[in-house]
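Okay, so here's the structure we're looking at.
Numbers restart at 1 for each chain; the letters A, B, ... are given by sequence-line order, proteins then strands. If you're wondering where the values come from, they're calculated on a predicted model, not measured in any experiment.
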Amino acid sequence: MTDAPTLLWLRQDLRLADNPALHAAGAGRVLPVFVLDDAAAGRWATGAAARWWLHHSLARLGAALAERGAPLLLLRGDARRVIPALAARTGAAAVHAGRHHAPWARARDAAVAGALQAEGRRLELHEGALLVEPERLRNGQGRPYAIYAPFARAVMALGEPAPPLPAPRRLNGIKPPEAGLKLDELGLLPRRAWAAAFPDFWTPGEAGAQARLRGFLEDAAGDYDRGRDIPGEDGTSRLSPHLHWGELSPRQVWHAAAPHSGPQGGRGTFLREILWREFSHHLLWHRPELPEQPLRRTYASFPYQPDRALLRAWQRGRTGYPIVDAGMRQLWRHGWMHNRVRMIAASLLVKQLLQPWWDGAAWFWDTLVDADLANNSANWQWVAGCGTDATPYFRIFNPVLQGRKFDSGGAYVRAFVPELARLPDRWLHEPWSAPAPVLREAGVVLGRDYPAPAVAPESGRARALAALRGMKAAE
DNA sequence: CGGCCATTTCA
DNA sequence: GAAATGGCC
């Protein structure tokens, strides 16, 4: 069976370059396959915005693979059944796939490996989604790192990751035993016009990822230390959705960014952001309860006050806090929110509005094109104060001060909250404080054109600290 | 990857 | 009296 074909099972590694699974499978006759598998993912099935991305990414990947002689087979169903069945029909000796570290994916891969093995075939999982595999990194006590700073130091101390693999020029594809589904038949695109503006901001697919990486390193990376915190500027890399779907590997990013500078300066800061992604993924690997349970167990008794109306006001960008509302509306329109504003918006929901962090996480999961179980869960726990390396609960963002500091010219708020556009900078981040003549001049009636604050500015912080004391008393 | 407030420092 | 500093929540 030396000429037995192999399956290349693509999941979250939708690229040709630096793809170890493709590299291994592409040595012989190969059938690339993608399976839309919502069953195994359960409640963490890909959210609506990420599905939009996936649709377009698969379109580009399918074209690139077909060009090289191995068209992509699209299927839907439970991969625990679909992959072994396809392997049997093609007579494949091996299935190659990139490692996928989410808890549900680990369980699924174990089941697939078992089913294949029972028929004398094998599942080969390849590295490449992370810079360092989670099993490989331990602290002085032999335990996984729980704090970011020593984690990042340890990763940096490992030195350069291996150089990226080239993309194959030609592939020896086999004829699939079935026609599979057309891309449209996967039903990934939203029915409503919600995502209509996404194409103005994103180019899913490997070429778009490379273009974005090069553009960022040429334009914004040098000023990243400052620019990354200004939501009104295009100062971040915006690589997160590309990284989530594996259109780009972290070691490709590393090797593209590192040559330009040492550990200091904009590129060093940028690489440390890439390490936050790495840290979140390691955390999820070692603490699979991360999406569901607070890592600090005392927070299980935190007295959240679930309120559907408050949650909805936050989701729709109608909290009455301009910087937060701008962020929530950016999220709805672009499928993405600037990182600085994510922190402010999340902090307001959890601390001032006393809404459960998992409700916020669920909304982000459905609306972010970069929704990623590790990053999303870890960062929400960080904001909520219940993560291992979390911001202390009493560290409560003041949305007015944050707005003044990071959107001082008001470009961001004016872009997404047009009803406040004519307010002068002085009052833009706290319209409730503006004198009546100023509001009149700007054509704003609070409560009609723009909501009054969902929680009174002077009481939000006190409420949050009172709730924290409530939790400690309940221990 | 804070904010608040008391206190100090310097114009 | 504004701006910087430091302890505490």
Side-chain angles (χ1 to χ4, degrees), chain A residues 145-153 155-156 223-233 235-238 240 263-280 283 295-296 298-299 302-303 321 323-324 327 337-354 357 360-361 364 370 374-408 412 426 429-430 433 453 455-473 475:
Chain A
Y145 287 95
I147 311 291
Y148 170 75
F151 171 87
R153 249 193 310 278
V155 175
M156 287 293 196
D223 194 26
Y224 187 71
D225 277 331
R226 184 198 63 86
R228 72 189 176 119
D229 266 332
I230 313 298
E233 298 180 14
T236 67
S237 75
R238 291 208 281 126
S240 50
Q264 294 89 27
R267 288 191 173 85
T269 307
F270 171 59
L271 283 182
R272 277 189 289 278
E273 292 298 318
I274 297 295
L275 294 188
W276 272 105
R277 168 187 182 272
E278 194 83 4
F279 181 58
S280 297
L283 202 57
L295 295 186
R296 289 175 193 264
T298 61
Y299 276 80
F302 190 90
Y321 287 94
I323 188 76
V324 172
M337 195 194 308
H338 188 279
N339 183 58
R340 166 57 54 180
V341 189
R342 292 190 198 196
M343 293 192 279
I344 304 168
S347 179
L348 183 91
L349 181 76
V350 171
K351 297 184 175 174
Q352 276 96 331
L353 302 184
L354 293 176
W357 61 266
F364 274 25
D370 65 27
N375 293 335
N376 197 45
S377 308
N379 287 324
W380 274 95
Q381 291 222 26
W382 180 86
V383 166
C386 55
T388 54
D389 185 22
T391 170
Y393 188 85
F394 52 76
R395 191 176 286 173
I396 296 164
F397 283 80
N398 179 325
V400 177
L401 296 185
Q402 291 280 319
R404 277 192 204 143
K405 188 170 176 186
F406 297 111
D407 188 38
S408 54
Y412 185 71
R426 169 70 184 81
H429 293 289
E430 46 176 339
S433 301
V455 57
E458 61 276 11
S459 70
R461 181 182 168 79
R463 262 165 49 110
L465 290 173
L468 179 66
R469 281 193 296 275
M471 176 187 82
K472 288 192 168 150
E475 275 178 42

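- Looking at residues two or more places apart in sequence or on another chain, you find no side chain to side chain donor-acceptor pair (under 3.5 Å) involving A/Arg463.
- For A/Ser240, the side chain to side chain donor-acceptor pair (under 3.5 Å) partners two or more places apart in sequence, or in a different chain, are A/Asp370.
- By the salt bridge (charged side-chain N to carboxylate O under 4.0 Å, His left out) test, A/Glu430 pairs with A/Arg404, A/Arg426, sequence neighbours left out.
- Here B/dG2 presents its C1' atom at 11 Å from CD1 of A/Ile344, a figure rounded to the nearest Å.
- Between the CD atom of A/Gln352 and the C1' atom of B/dG2 there is a distance of 12 Å, given to the nearest Å.
- Partners of A/Arg296 under the salt bridge (charged side-chain N to carboxylate O under 4.0 Å, His left out) rule, at least two apart in sequence or in another chain, do not exist in this structure.
- Shown here are the side chain to side chain donor-acceptor pair (under 3.5 Å) partners of A/Arg226, two or more places apart in sequence or in another chain: A/Asp223, A/Glu233.
- When the side chain to side chain contact (heavy atoms under 4.5 Å, CB included) test is applied to A/Leu465, the partners found at least two apart in sequence or on another chain are A/Phe394, A/Ile396, A/Arg461, A/Arg469.
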Collect all protein-nucleotide pairs involving nucleotides 3-6 of chain B in which both atoms are nitrogen or oxygen and the distance is under 3.5 Å.
unit_1	atom_1	unit_2	atom_2	d
B/dG3	OP1	A/Asn398	N	3.3
B/dG3	OP1	A/Gln402	NE2	3.0
B/dC4	OP1	A/Asn398	ND2	3.4

Do any side-chain atoms of residues 382-391 of chain A form donor-acceptor pairs under 3.5 angstrom with protein atoms, and if so which ones, sequence neighbours left out?
unit_1	atom_1	unit_2	atom_2	d
A/Trp382	NE1	A/Asp389	O	3.4
A/Thr388	OG1	A/Ala146	O	3.0
A/Asp389	OD2	A/Tyr148	N	2.8

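- Atom CG in A/Leu348 sits about 14 Å away from atom P in B/dG2, given to the nearest Å.
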Give me, pair by pair, the N or O atoms of the protein and of nucleotides 4-8 of chain C that are less than 3.5 Å apart, along with how far apart they are.
none

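- Aromatic ring centres of A/Tyr299 and A/Trp357 lie farther apart than the 6.0 Å criterion allows.
- Rounded to a whole Å, the CE atom of A/Met471 is 14 Å from the C1' atom of C/dC9.
- The salt bridge (charged side-chain N to carboxylate O under 4.0 Å, His left out) check on A/Arg277 picks up nothing, with sequence neighbours excluded.
- A/Ser408 is linked by a side chain to side chain donor-acceptor pair (under 3.5 Å) to nothing, counting only residues two or more places apart in sequence or in another chain.
- The stretch residues 379-391 of chain A touches DNA chain B through A/Trp382, each having a heavy atom under 4.0 angstrom from the strand.
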